[in-house]
Amino acid sequence: MNDTDVNTSICPRCDAENVRVLTTSPVPGGWTMYVCVTCVYSWRSTEPASATDPLTYPAEFKINPAEIPAIPAIPAVPPRRR
Amino acid sequence: MAYADLRDFLAALDREGQLLTYSEPVAPEPDIGAAARATANITDRGPALLFGNINGYEPGKGRVAINVVGSWPNHALLLGLDKDTSVKDQFFEFAGRWDAFPGPIVRREDAPWKEVTLTEDIDLFQLLPLFRLNTYDVGCYIDKAVVISRDPDDPDDFGKQNVGIYRIQVKDKDRLGIQPLAAHDLGLHLQHAEERGENLPVAIALGNEPVITTVGGMPLAYDRSEYEMAAAIQGAPYPITTAPVTGLDVPYGSEVVIEGEIIAGEREIEGPFGEFTGHYSGAKRQPVIRIHQVSHRRNPIFEHLYLGMPWTEMDYTLALNTSVPLYRQLKTAFPEVTAVNAMYTQGLLGIISVKQRFGGFAKAVGMRAMTLPHGLAYCKVLIMVDDDVDPFNLAQVMWALSVHYHPLHDTVTVPNLSVLALDPSSDPAGITHKVILDATTPIAPEERGHYSQVVGNPERTADWENIVKGLLK
């Protein structure tokens with residue numbers, strides 16, 4: 001698969017059009033890693049469609065970007081000591 | 001028996017026919033995860049896998065070792081035992097060495113991971129062949145490194161310095177996500193740092209000899225040093241080296257040492273990650289690490305752990321280091337306990353053999369197990385068996401359960417106890433009923449059933465076991 005065939009602009013998990021190149025392979029031309037700035041999902045240009053295709057990414061693993069701030073913080077941030 | 005480092009252990013595995021070096025080209029995904037999964041699927045005597053030709057990396061430079069302790073023979077070799085040593089014998093050997101705590105440490109400054117230092121333009125993907133392990137993991141993880149931290153309220157206490165294994169999401173070239181739960185020692189260190197308004201310095205040591213990895217996954221008391229336990233388990237002083245930026249004590253023999261800090265007050269989406277429960281973890285907002293320096297050997301080996309639906313490398317790695325602490329802590333209260341097998345999903349299900357003193361005794365021992373430190377998050381199902389039943393022999397355990405256990409008299413259900421939130425049956429997450437299934441033989445004053453005519457071994461059976469073993473060799 002060539003980089004030109006793979007999704008490089010829409011996050012497969014949260015569908016945000018907020019994707020940037022994370023890094024490229026040490027041997028040039030091997031692969032490119034992409035990361036979603038919104039939900040921190042990352043994928044490699046050489047991965048199967050199960051990891052790269054927003055249309056077929058399973059509903060149970062999808063995330064709505066609007067819901068991210070409400071996801072529980074674990075562990076919770078404790079109050080500062082006085 | 002002490003291995004100097006990961007390479008020394010891999011060489012030992014190779015000599016014993018327990019290392020498979022794969023030199024053909026592989027894709028980072030899905031090949032490496034699939035190979036580890038496949039090895040666990042087909043045998044419990046499988047080899048470690050070493051990949052040396054990974055797409056995107058120069059052959060021989062980007063290397064991945066996985067499934068390193070992914071079988072009983074490899075676990076026996078970890079302990080320096082014959083690779084055919086039974087699980088039960090490995091358990092008692094491990095338990096015996098536990099008593100040698102605290103073992104000595106030795107400080108050395110000429111660590112091989114000081115060969116190369118990176119302080120600028122750090123990109124972990126250039127250094128390590130990171131890869132997605134399971135299909136719906138959110139990205140690449142580091143899941144077998146030991147993370148070292150100190151208690152900011154008591155930074156000079158060597159015992160409180162923690163060496164633990166935590167899942168680490170590689171979020172960017174030099175930025176990580178980490179999962180220190182509140183109950184973990186690292187969680188306590190982070191809590192103290194955040195209460196003080198400070199970042200928490202951490203060192204992440206990748207690619208180690210197998211004993212510190214085993215101890216790093218062990219439920220030790222808060223003020224007990226993992227290095228001193230590693231020395232006890234390996235029967236030799238444990239070598240450590242001062243990390244250059246943080247001053248933390250890290251293993252001498254590591255492949256890579258990453259230093260940085262957990263940023264106080266920051267939480268960012270992390271996960272899902274396929275976990276040892278056989279289910280993905282979901283996503284949470286979790287702490288973030290900023291990397292400041294990386295020290296490494298030339299051409300480091302990236303060691304990774306396969307985990308997912310049991311059994312996997314994770315189950316072999318954690319089997320006895322979970323069972324032995326429960327055994328030792330339980331035996332303190334009840335010397336009648338003869339063995340503990342807590343190797344099913346890290347002890348969510350456990351089997352305890354005990355010599356009953358009187359009717360109802362085994363049920364009390366089961367209740368005690370649930371209230372031990374590890375029991376607070378595990379021990380959801382406990383099967384109690386007599387002292388002459390080997391808890392590591394499931395055929396014997398199922399026999400005891402089938403003929404000794406009476407559903408009316410031998411079921412103890414304790415409602416609404418704590419359990420790890422990753423247990424997918426817990427509802428709400430972290431709360432569950434727990435149950436004791438008492439499969440011991442009823443004794444006075446609990447006189448019921450018909451157990452007086454047990455079919456024992458014919459005379460000379462023990463002699464014949466040796467004869468047959470000899471003939472089979």
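Proteins come first, then strands; the chains are lettered A, B, ... in the order of their sequence lines, and each starts at number 1. The shown structure was predicted, so the numbers you read here are calculated from the model rather than taken from an experiment.
Using a 4.5 Å heavy-atom cutoff, the side chains of A:V40 and B:E270 are not in contact. Between B:P287 and A:P75, the closest side-chain pair of non-hydrogen atoms falls below 4.5 Å. In this structure, the side chains of B:I269 and A:T38 stay at 4.5 Å or more apart for every pair of heavy atoms. Counting heavy atoms from C-beta on, the side chains of A:R13 and B:P272 come closer than 4.5 Å. Residues A:E47 and B:T135 are not in side-chain contact: their nearest non-hydrogen atoms beyond the backbone lie 4.5 Å or more apart.
Aromatic ring orientation, B:Y57 versus A:W31: tilted (interplanar angle from 30° to 60°).
One distance of note links CG of B:D123 with OG1 of A:T24; it measures 8.0 Å at 0.5 Å rounding. Once rounded to the nearest 0.5 Å, the distance linking CZ of B:R285 with CD1 of A:I74 reads 10.0 Å. Within the model, atoms OG of A:S25 and CZ of B:F125 stand 12.0 Å from one another, a figure rounded to the nearest 0.5 Å. Here the straight-line distance linking atom OG1 of A:T46 with atom CG of B:N55 works out to 5.5 Å at 0.5 Å rounding. Taking CE of A:M33 as the start and SG of B:C140 as the end, the distance is 4.0 Å to the nearest 0.5 Å. Here the straight-line distance linking atom OG of A:S42 with atom NZ of B:K171 works out to 10.5 Å at 0.5 Å rounding.
For B:I178, no part lies near chain A; criterion is any non-hydrogen pair under 4.5 Å. Contacts of A:F61 with chain B are made by side-chain atoms alone, with heavy-atom separations under 4.5 Å and no backbone atom involved. Heavy atoms of B:Q179 lying under 4.5 Å from chain A are absent altogether. Looking at A:P12, neither its backbone nor its side chain comes within 4.5 Å of chain B, counting heavy atoms on both sides. Both the backbone and the side chain of B:A283 come within contact range of chain A, each with at least one heavy atom under 4.5 Å from a heavy atom of that chain.
Note on B:E268, B:E194, B:Q169, B:K61: by heavy-atom pairs under 4.5 Å with chain A, the leading option is B:E194. The candidate with the highest count of non-hydrogen atom pairs below 4.5 Å against chain A, out of B:H184, B:E58, B:R132, B:E266, is B:R132. Of the listed residues B:L190, B:L127, B:D172, B:D137, the one with more heavy-atom pairs under 4.5 angstrom with chain A than any other is B:D172.
The minimum heavy-atom distance between A:A76 and B:R267, with the atom names listed, is O-NH2, 3.6 Å.
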Checklist entry - Can you check side-chain contact (heavy atoms from CB on, under 4.5 Å) on A:V35 and B:K173, steps first, answer last? => result CA-CA 11 Å; A:V35 62; B:K173 297 172 185 176; over 6 Å; no
Next on the checklist: For a side-chain contact (heavy atoms from CB on, under 4.5 Å) check, start with the C-alpha distance between A:R44 and B:F131, then their side-chain angles and the critical distance, and finish with the verdict.
Outcome noted: CA-CA 9 Å; A:R44 196 186 319 260; B:F131 61 98; 4.0 Å; yes
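Counted by atom type alone, B:Q126 and A:T23 present one or more donor-acceptor pairs between their side chains at under 3.5 Å.
For residues 73-82 of chain A, the set of pairs meeting the side chain to side chain donor-acceptor pair (under 3.5 Å) definition, not counting sequence neighbours, comprises A:R81-B:D153, A:R81-B:E195. Applying the salt bridge (Lys or Arg N to Asp or Glu O under 4.0 Å) rule to pairs touching residues 48-68 of chain A yields A:D15-A:K62, sequence neighbours excluded.
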